[in-house]
Chemist: 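Can you read through this structure? Questions will come right after.
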Amino acid sequence: MSSTLPDASKVGLPASDATSAAELASLKVRLRGALRQFPDFPSPGILFEDILPIFADPSLHEALIRSLELHVLANYDQKPDVIVGLEARGFLMGPSLALRLGASFVPVRKQGKLPGPCETQGYEKEYGQDFFQMQSDSIKPGQKVLVIDDIIATGGSAKAGGELIQKMGGELLGFIFLLELEFLHGRDKLPAPVYTLLSGQA
C-alpha cells in the first residue's frame with residue numbers, strides 16, 4: 001500500500017464529516033485486530049498489549065498514521081507546530097505523524113541522553129524519581145504542541161513531558177496515546193485533553 005503526503009494547503013482543515021468518521025472507525029478495527037496479548041508480562045498479573053505488529057506491516061503502519069492524522073484534523077482548529085514523542089515508543093509514531101502534518105518532531109528523553117543545554121523535569125516512579133529532558137531550544141514560545149506515546153498508565157511521565165513544554169513557553173494542545181490503563185486514572189493528572197486511539201475513552 002503506497003503512502004502519500006497530504007496536500008499542504010489542506011492540513012489543518014476539519015475532518016469531522018461522516019466519511020472521515022467512518023474511515024477512522026474502520027481503521028481502528030484493523031489496528032485493534034493487529035494487537036497481540038501476552039499474559040504475565042513483564043510481571044505476573046499483567047496482560048501486555050503488543051503494538052509492534054502494527055509497525056511490521058506497512059499497510060497497518062499507514063493505517064495508524066492516517067488514524068492519528070484524522071483525529072488531529074477533526075479536533076484542532078489549527079495544526080500543531082510540534083509533535084513531541086515521549087521515550088521510547090513515542091519515537092515510533094511521532095516522526096511519521098509530524099511529517100504527515102507538516103510539523104516538527106521533538107523527542108523527550110531520559111536525563112543524560114541529549115546533547116547541549118537541556119530543560120529537566122522530574123517525575124515519580126514506583127521506586128523513586130526519574131527525570132525527563134528536552135533540548136532548551138526545541139520548543140519556541142507560543143508554538144502549539146501535541147504529545148504522543150504508546151500507552152498512558154499512571155500519567156507521571158506524560159505529565160513531566162507536558163510540564164517541560166509549558167516551561168519552554170509552548171502551548172500544550174493535548175496528549176495522544178494508542179492505549180490506556182483506565183483503572184489507573186492517569187489522564188486525571190494531565191494538564192491538557194487526552195485521546196486514546198484504541199481504548200474505550202476518547
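Quick note: residue numbers are just sequence positions, from 1.
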Chemist: Rounded to the nearest 0.5 Å, what's the gap from CD1 on I46 to CG on D40? Could you check?
Modeler: 9.0 Å

Chemist: For the NZ atom of K125 and the CZ atom of F131, what is their distance to the nearest 0.5 Å?
Modeler: 11.5 Å

Chemist: Between S59 and R30, which heavy-atom pair has the shortest distance, and what is it?
Modeler: OG-NH2, 3.3 Å

Chemist: How about L198 and E49: do any of their side-chain heavy atoms sit closer than 4.5 Å?
Modeler: no

Chemist: If you define the side chain from C-beta out and look only at heavy atoms, does anything of P141 sit under 4.5 Å from M168?
Modeler: no

Chemist: Hey, mind stepping through H71 and L197 against side chain to side chain contact (heavy atoms under 4.5 Å, CB included) and telling me if it holds?
Modeler: CA-CA 9 Å; H71 165 72; L197 181 66; 5.7 Å; no

Chemist: Go through it in stages, so that I can follow the logic: the residues are I51 and I151, the test is side chain to side chain contact (heavy atoms under 4.5 Å, CB included), and I'd like the CA-CA distance, side-chain angles, deciding distance and then a yes or no.
Modeler: CA-CA 10 Å; I51 67 169; I151 189 167; over 6 Å; no

Chemist: For the pair T196 (side chain) and E180 (backbone), establish whether a donor and an acceptor sit closer than 3.5 Å, ignoring hydrogens and angles.
Modeler: no

Chemist: Where is the tightest heavy-atom contact between A34 and L60, given as atom of each residue plus distance?
Modeler: CB-CD1, 3.6 Å

Chemist: Could you measure the distance from the CG atom of L73 to the CZ atom of R66? Nearest 0.5 Å is fine.
Modeler: 7.0 Å

Chemist: Say whether Y76 and L101 are linked into one hydrophobic cluster, either directly or through other cluster members, by side-chain heavy-atom distances under 4.5 angstrom.
Modeler: yes

Chemist: Using a distance-only test with no angle check, is there a side-chain donor-acceptor pair under 3.5 angstrom linking K113 and Q133?
Modeler: no

Chemist: Indicate yes or no: at least one non-hydrogen side-chain atom of F105 is less than 4.5 angstrom from one of P107.
Modeler: yes

Chemist: Is a salt bridge present between D149 and R89, judged by a nitrogen-to-oxygen distance below 4.0 Å?
Modeler: no

Chemist: Please evaluate residues D50 and F38 with respect to the criterion side chain to side chain contact (heavy atoms under 4.5 Å, CB included), reporting the C-alpha separation (whole Å), side-chain torsions for both, the decisive distance (0.1 Å), and the verdict.
Modeler: CA-CA 7 Å; D50 183 15; F38 290 91; 3.7 Å; yes

Chemist: Identify the heavy atoms of I65 and S96 that sit nearest to each other, and give their distance.
Modeler: CD1-CB, 3.6 Å

Chemist: Using every non-hydrogen atom in the two residues, find where L86 and F91 come nearest and quote the distance to one decimal.
Modeler: C-CE2, 3.9 Å

Chemist: Less than 4.0 Å between a side-chain N and a carboxylate O, is that true for K28 and E23?
Modeler: no

Chemist: If I compare all heavy atoms of M93 with all of L64, which pair ends up nearest, and what's the gap?
Modeler: CG-CD2, 3.9 Å

Chemist: Between K167 (side chain only) and E119 (backbone N and O only), is there a donor and an acceptor less than 3.5 Å apart?
Modeler: no

Chemist: Consider only side-chain heavy atoms of I, L, V, M, F, W and Y, link residues closer than 4.5 Å, and tell whether L52 and L35 are in one cluster.
Modeler: yes

Chemist: Taking atom CG of L173 and atom CD1 of I83, what is their separation to the nearest 0.5 Å?
Modeler: 8.5 Å

Chemist: May I ask you to decide if L172's main-chain N or O and K144's side chain share a donor-acceptor pair within less than 3.5 Å?
Modeler: no

Chemist: If you measure from the Lys or Arg side-chain nitrogens to the Asp or Glu carboxylate oxygens, is any gap between E87 and R109 under 4.0 Å?
Modeler: yes

Chemist: What residue among L146, I148, V145 forms side chain to side chain contact (heavy atoms under 4.5 Å, CB included) with V84?
Modeler: V145

Chemist: Ring centres under 6.0 Å, that's the criterion: do Y123 and F132 meet it?
Modeler: yes

Chemist: Begin with the C-alpha distance, continue with both residues' side-chain angles, and end with the deciding distance and a verdict on side chain to side chain contact (heavy atoms under 4.5 Å, CB included) for F177 and V194.
Modeler: CA-CA 8 Å; F177 303 96; V194 175; 3.9 Å; yes

Chemist: Indicate yes or no for a side-chain donor-acceptor contact from T120 to the backbone of Q111 under 3.5 Å, with no hydrogens or angles considered.
Modeler: no

Chemist: To the nearest 0.5 Å, how far apart are CD1 in I54 and CZ in R32?
Modeler: 11.0 Å

Chemist: Do K189 and T154 come within less than 4.5 Å of each other through their side chains, counting heavy atoms only?
Modeler: yes

Chemist: Membership question, hydrophobic clusters at under 4.5 Å side-chain separation (ILVMFWY): are F183 and L179 in the same one?
Modeler: yes

Chemist: Out of curiosity, R187 CZ to S199 OG, how far, rounded to the nearest 0.5 Å?
Modeler: 8.5 Å

Chemist: Salt bridge (Lys or Arg N to Asp or Glu O under 4.0 Å) between R100 and E62: does it pass, once the steps are laid out?
Modeler: CA-CA 11 Å; R100 182 66 62 90; E62 164 64 25; 2.9 Å; yes

Chemist: Give me the atom names and distance for the closest heavy-atom approach of G186 to I152.
Modeler: C-CD1, 3.6 Å

Chemist: Strictly by modelled atom types, are Q143 and E171 linked by a side-chain donor-acceptor pair under 3.5 Å?
Modeler: no

Chemist: Tell me whether S26 contacts the main-chain N or O of A22 through its side chain, where contact means a donor paired with an acceptor under 3.5 Å.
Modeler: no

